[in-house]
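Residue numbering restarts at 1 for every chain, and letters A, B, ... go by the order of the sequence lines. All values reported here derive from a predicted model rather than from experimental measurement.
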Amino acid sequence: MAGMGNAKHLKAGDAEPAPPAKDVLRVYGMKFCLYVHRLKLVLAAKDIKHETVNIDLQKKPDWFFQKNPRGKVPAIEKNGETLYESDIMSEYVDEIYPGRRLQTSDPLQNAKEKLVLGDFNEAANKCYTLSRENDDNKRSALSTAIQASLDKVEKFLGNSPYFSGQRPGFTDYMIWPHVERMLLFNSEFIKGNLNIASYCDRMGNDEAVKACRHPADLQIQFFESYKAGNAIYDIGTVE
Amino acid sequence: MAGMGNGKHLETGEPRPSPPGNDVLRVYGMKFCPYVHRLKLVLAAKDIPHETVNINLSKKPEWYFDINPLGKVPSIEKNGIILYESDVTSYYVDETYAGKKLATVDPLKKAREQILLGAWGNGISGFYGYLRSKTPEEKDAAETKIRAGFKAVDDYLNNGNQFVCGSGPGFTDYMIWPHLERLALAVPSILKEYALLQAYFDRMGEDKAVKACRHVVDHYNQFIEGYAKGNVVYDIGTVEAY
């Protein structure tokens with residue numbers, strides 16, 4: 001299983017790799033990026049073969065803007081087509097590759113999953129703000145807002161073992177990268193919500209989740225360097 | 001055709017209306033809201049009967065937070081089911097009601113349309129920036145964003161297609177239109193700089209759903225005037241009691 005990919009992160013001045021061979025799916029990623037993580041989980045869950053080219057996001061190679069004019073990861077390239085945005089590409093690969101369809105087809109369940117994904121994104125984004133906030137009053141207001149969003153998530157998981165129903169599905173893989181980081185950096189929000197906590201235990205046994213999981217010390221090392229304003233991308237095995 | 005709905009905008013202190021009748025779709029809206037407009041276009045395009053309850057967004061009724069904890073419009077209610085967010089509700093009604101499916105099915109085309117909608121976000125944020133701009137610098141910055149949004153759609157239309165979704169207006173066209181309609185009123189000369197987009201705008205103007213939901217320009221201008229002054233008036237034009 002490819003996991004998040006261990007290739008060196010290419011930076012400004014590094015040559016553009018040759019295009020992927022015919023029918024080969026290439027992911028432009030960053031080893032610790034949670035949005036790349038979403039796509040990688042979908043690829044792992046469906047066992048979709050692909051190659052990974054990692055990008056140094058602080059010193060982006062010029063040629064990367066031809067793949068994604070916004071310069072963000074993930075992007076994908078296959079037979080001359082490029083696409084970007086984690087949710088859009090994840091849906092795309094789910095739809096074009098065979099195997100179990102991860103997206104929910106029931107319209108009402110699908111709509112509810114999108115709303116709960118919105119709630120979780122809201123909580124997670126505030127967690128990232130919280131990690132950089134030193135003012136006690138602001139920290140306390142953020143924590144209250146995070147818990148208010150998580151209350152809705154907690155309620156959702158009270159009725160269903162996974163966001164997508166009886167098995168991990170598309171919405172689970174969109175949410176999980178946030179959850180995994182919350183477990184490391186804001187674990188009080190996981191421990192304080194029983195349904196979310198037991199969800200984490202269940203998801204921890206999922207094959208795709210295991211395949212894409214970094215050792216905690218690498219993830220922490222990356223986050224510390226990122227917070228210090230000097231992200232180190234090539235951590236752990238580098239190929 | 002119901003258009004954007006003329007129901008009085010309910011405010012703090014006013015009672016919650018009784019739930020919609022069995023199988024009746026209710027939209028909680030606001031007559032001039034571009035996000036409600038998205039949903040209304042989809043409903044009009046598919047000719048889906050529904051009732052509208054308008055909400056005063058400056059003085060939201062307490063009970064509205066039981067419908068949508070975020071307090072935003074649009075929301076929908078039907079047979080006890082409540083959903084919100086313009087894209088989620090629009091997609092849901094497209095999928096659950098009969099008639100021509102508006103959302104693109106082809107995975108690659110769909111992905112490209114979603115990326116375009118993301119790029120159109122520049123046009124949307126430029127629109128709000130323009131309305132709120134107080135200095136020439138702020139106005140310039142807003143116009144730069146508007147141009148980025150216009151260019152994205154203009155480039156997309158450079159493939160011989162009449163509409164973003166192909167030969168007829170579809171889901172993504174109806175997601176883009178509400179802010180485009182407003183921008184065409186705010187910055188008509190910038191729109192003219194983009195020939196394909198201007199021609200697209202004129203074509204969309206002939207669509208029956210677009211016509212059904214289009215604002216009376218005077219009313220819209222009155223609304224924007226109130227909005228710019230920070231004293232929004234919602235009940236403009238015909239106002240109906242429930």
Side-chain angles (χ1 to χ4, degrees), chain A residues 25 35 39 42 67-72 74-98 101-119 121-123 145 147-156 170-171, chain B residues 25 35 39 42 46 48 65-72 74-98 101-122 148-149 151-152 155-156 171-172 175:
Chain A
L25 174 70
Y35 297 102
L39 173 63
V42 169
K67 311 296 176 190
N68 178 357
R70 304 185 66 188
K72 298 197 303 183
I76 56 174
E77 180 173 8
K78 186 184 167 187
N79 294 337
E81 294 276 3
T82 55
L83 292 173
Y84 43 93
E85 298 297 336
S86 65
D87 49 348
I88 296 173
M89 276 179 298
S90 298
E91 265 185 42
Y92 175 72
V93 297
D94 184 32
E95 286 170 11
I96 63 163
Y97 284 94
R101 171 89 177 222
L102 299 175
Q103 292 170 80
T104 299
S105 57
D106 176 70
L108 179 60
Q109 171 71 16
N110 186 37
K112 287 183 173 170
E113 286 178 31
K114 282 184 180 148
L115 294 180
V116 79
L117 174 61
D119 292 329
N121 285 342
E122 190 73 22
Q147 187 53 49
S149 294
L150 292 181
D151 283 345
K152 289 182 257 175
V153 176
E154 188 69 1
K155 200 172 154 200
F156 190 100
F170 192 82
T171 303
Chain B
L25 174 68
Y35 296 99
L39 171 62
V42 169
K46 297 187 66 129
I48 299 172
F65 292 91
D66 296 335
I67 310 269
N68 179 351
L70 304 174
K72 299 194 297 185
S75 301
I76 58 174
E77 181 174 9
K78 184 186 166 186
N79 294 338
I81 290 166
I82 291 172
L83 294 170
Y84 42 92
E85 298 293 345
S86 66
D87 50 350
V88 173
T89 51
S90 299
Y91 197 75
Y92 176 74
V93 298
D94 185 31
E95 286 197 309
T96 53
Y97 283 89
K101 174 135 175 178
L102 298 173
T104 298
V105 177
D106 176 73
L108 182 60
K109 254 186 104 247
K110 187 176 83 169
R112 294 213 173 287
E113 287 176 22
Q114 285 173 336
I115 290 173
L116 173 64
L117 206 49
W120 176 241
N122 281 310
K151 184 175 186 305
D155 286 349
Y156 197 91
F171 191 82
T172 305
M175 296 301 107

(Q) Suppose we screen for side-chain contact (heavy atoms from CB on, under 4.5 Å). Which residues come up paired with A/Asp106, at least two apart in sequence or across chains? (A) A/Thr104, A/Leu108, A/Gln109
(Q) So, using side-chain contact (heavy atoms from CB on, under 4.5 Å) as the criterion, who are the partners of A/Lys155 when residues are at least two apart? (A) none
Q. Which value, rounded to the nearest 0.5 Å, describes the distance between A/Ile88 atom CD1 and B/Ile115 atom CD1?
A. 5.0 Å
Q: Determine, step by step, whether B/Gln114 and A/Asp87 satisfy the side chain to side chain contact (heavy atoms under 4.5 Å, CB included) criterion, reporting the C-alpha distance in whole Å, the side-chain angles of both residues, the deciding distance to 0.1 Å, and the verdict.
A: CA-CA 10 Å; B/Gln114 285 173 336; A/Asp87 49 348; over 6 Å; no
Q) Picking from B/Glu95, B/Lys110, B/Arg112, which has the most non-hydrogen pairs under 4.5 angstrom with chain A? A) B/Arg112
Q: With rounding to the nearest 0.5 Å, note down the distance linking CG in A/Asn110 to CG in B/Leu83.
A: 10.5 Å
**Q.** Residue part contacting chain A, namely of B/Leu108, when any heavy atom lies under 4.5 Å
**A.** both
Q.
Take a 6.0 Å sphere around NZ of B/Lys78 and say whether it holds more than 12 heavy atoms from other residues, nucleotides or ligands.
A. yes
Q. Quick check: are there more than 12 heavy atoms from other residues, nucleotides or ligands sitting under 6.0 Å from NZ of B/Lys151?
A. no
**Q.** Residues of residues 76-85 of chain A within contact distance of chain B, non-hydrogen under 4.5 Å
**A.** A/Glu81, A/Thr82, A/Leu83, A/Tyr84
Q) If contact means a heavy atom pair closer than 4.5 Å, which residues of residues 90-98 of chain A contact chain B? A) A/Glu91, A/Tyr92, A/Glu95, A/Ile96
Q) Does A/Lys114 make a cation-pi contact with B/Tyr92, if we ask for NZ or CZ under 6.0 Å from the ring centre and within 45° of the axis? A) no
